[in-house]
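Comments concern the structure below.
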Amino acid sequence: WCGSLLAALVALRMAGLKVDFSLLLEPLGFIKVLEWIFSIFAFATCGGFHGKTTLLVSCKGVVNKTVTAAFAYPFRLNTVVFSAPDPKRCGGSWTDVYLVGDFSSSVQFFVTLAVLVFLYCTAALVVYIGYKHVYQQNSKFPLTDLAVTVITAFLWVASTFAWTKALSDIKRSTGASIIPRIESCKVPTTTCRFASVTSMGTLNTSAVFGLLNMVLWGGNIWFVYKDTNLHNQSNRIFQSP
């Protein structure tokens with residue numbers, strides 16, 4: 001496929017630019033526009049997230065002191081520590097408390113794929129609009145497009161499920177269930193109550209766009225396949241007596 005892509009790029013360089021938006025009105029081009037847009041939303045709703053989880057701590061000389069742990073993309077929660085309730089750290093009963101889990105691999109996989117898809121869709125749209133005549137005449141372009149589409153559809157499935165699972169674990173690691181794991185809160189003179197955690201609506205949205213991208217890229221396989229010689233050959237075989 002690398003050889004086919006190189007040959008296709010050489011063909012583009014030799015061909016003249018002819019702007020034609022008609023392919024965008026067909027399913028092949030229209031779906032590519034949707035994939036371009038949805039990839040932007042996928043990484044934009046995930047990559048810039050910042051949040052915090054808050055507890056109310058009462059201990060020696062301190063009543064309902066707010067302690068927070070600020071976390072952000074790429075969600076290496078095991079490096080995030082809660083602020084101390086007071087300078088004396090509750091008379092020595094409060095030790096450093098970290099959140100649990102490192103979810104960077106799943107979320108970075110998801111975001112990196114979304115960025116790469118955005119770049120590929122940009123390049124594909126340039127070909128569709130400016131070099132439609134080359135795309136339709138050179139069989140290497142549709143075949144390369146088909147290979148990338150199949151691989152990308154699979155990667156969307158893998159990355160979306162990985163990110164959805166990681167998101168569920170992030171919610172658990174920053175929610176009320178963290179209190180039983182905090183040793184400092186088990187000291188007889190110390191009580192801890194869960195206060196709040198930043199809404200993760202944008203992260204939920206990113207997972208939804210991951211699912212939409214799965215559907216788009218899976219469905220787009222058929223439309224790209226129809227433009228390849230493989231489809232034409234199968235039609236000739238089916239129609240021959």
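Contact check for Val57 versus Val62: no side-chain heavy atoms found under the 4.5 Å cut-off. Contact annotation: the side chain of Val150 never approaches that of Phe154 to less than 4.5 Å [non-hydrogen atoms, C-beta and beyond]. Here the side chains of Leu167 and Asn204 are in contact, with some heavy-atom distance below 4.5 Å. Considering only heavy atoms from C-beta on, Phe49 comes within 4.5 Å of Phe71 through its side chain.
In this structure, CE in Met214 is found 10.0 Å from CG in Leu212, a value given to the nearest 0.5 Å. The structure places OG of Ser58 at 7.0 Å from CZ of Arg193, a figure rounded to the nearest 0.5 Å. Taking NZ of Lys52 as the reference point, atom OG of Ser83 lies at 9.5 Å (rounded to 0.5 Å). Atoms CZ and CG, on Phe38 and Leu216 in that order, are 5.5 Å from each other to the nearest 0.5 Å. Distance check, rounded to the nearest 0.5 Å: CG of Asn78 to CG of Asp102 gives 5.0 Å. The line from OG1 of Thr53 to CG of Leu99 is 7.0 Å long, rounded to the nearest 0.5 Å.
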Exercise. So Asn220 and Phe223, side-chain contact (heavy atoms from CB on, under 4.5 Å) or not? Walk me through it.
Worked result: CA-CA 5 Å; Asn220 198 29; Phe223 294 105; 3.9 Å; yes

For this session: Go through the steps to decide whether Ile221 and Lys226 satisfy the test side-chain contact (heavy atoms from CB on, under 4.5 Å), and finish with yes or no.
Result: CA-CA 9 Å; Ile221 292 175; Lys226 285 178 63 178; over 6 Å; no

For this session: Output, in order, the C-alpha distance, side-chain angles, deciding distance and verdict of side-chain contact (heavy atoms from CB on, under 4.5 Å) for Ser168 and Arg172.
Result: CA-CA 6 Å; Ser168 176; Arg172 189 178 303 111; 3.6 Å; yes

Problem set entry | Worked verdict on Leu155 versus Trp217 for side-chain contact (heavy atoms from CB on, under 4.5 Å) | CA-CA 10 Å; Leu155 291 177; Trp217 284 87; over 6 Å; no

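Contacts of Glu26 classified as salt bridge (charged side-chain N to carboxylate O under 4.0 Å, His left out), with partners at least two apart in sequence or in another chain: none.
In terms of hydrophobic clustering, with Ile, Leu, Val, Met, Phe, Trp and Tyr side chains grouped at heavy-atom distances under 4.5 Å, Phe43 and Leu34 are assigned to a common cluster. Two different hydrophobic clusters hold Tyr225 and Val215 under the rule that ILVMFWY side chains link at heavy-atom gaps under 4.5 Å. Put simply, Tyr98 and Val187 are part of two different groups of oily side chains (I, L, V, M, F, W, Y) that touch within less than 4.5 Å, one to the next. Leu203 and Val100 fall into different hydrophobic clusters, where Ile, Leu, Val, Met, Phe, Trp and Tyr are joined by side-chain heavy atoms under 4.5 Å apart, directly or via other members. Hydrophobic clustering of Ile, Leu, Val, Met, Phe, Trp and Tyr side chains at less than 4.5 Å, counting indirect connections, keeps Ile179 apart from Leu56.
Relative ring orientation between Phe75 and Tyr73 is described as perpendicular, the plane-to-plane angle rising above 60° on a 0-90° scale split at 30° and 60°.
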Mind listing the side-chain donor-acceptor pairs of residues 107-126 below 3.5 Å, one per line with the distance, residues two or more places apart or on another chain?
residue	atom	partner	partner atom	Å
Thr112	OG1	Gln108	O	2.7
Tyr120	OH	Asp145	OD1	2.5
Thr122	OG1	Trp36	NE1	2.9
Thr122	OG1	Phe118	O	2.8

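In Lys165, the NZ atom is not crowded: 12 or fewer heavy atoms of neighbouring residues, nucleotides or ligands sit closer than 6.0 Å. Counting non-hydrogen atoms of neighbouring residues, nucleotides and ligands closer than 6.0 angstrom, the NZ atom of Lys186 exceeds 12 such neighbours. More than 12 heavy atoms of other residues, nucleotides or ligands sit less than 6.0 Å from atom CZ of Arg181.
Side-chain contact, Trp94 with Thr190: no donor N or O sits under 3.5 Å from an acceptor N or O. Side-chain contact of Thr68 with Thr54: a donor-acceptor pair under 3.5 Å is absent, judged by distance alone. No side-chain N or O of Asn213 forms a donor-acceptor pair with one of Glu35 less than 3.5 Å apart.
The heavy-atom pair separating Ser106 from Ala166 by the smallest distance is CB-CB, 3.8 Å. Considering all non-hydrogen atoms of both residues, Lys65 and Pro85 come closest at CG-O, 2.9 Å. Contact detail for Ile182 and Ile178: the closest heavy-atom pair is CG1-O, 3.3 Å. In terms of heavy-atom proximity, Thr164 sits nearest to Ala207 at OG1-CB, 4.1 Å.
Of the possible donor and acceptor atoms, none in the side chain of Ser173 sits under 3.5 Å from a partner among the backbone N and O of Ile170.
The only member of Asn64, Val67, Val97, Val197 that meets side-chain contact (heavy atoms from CB on, under 4.5 Å) when paired with Leu55 is Val67.
Between Phe209 and Phe41, the gap from one ring centroid to the other is short of 6.0 Å.
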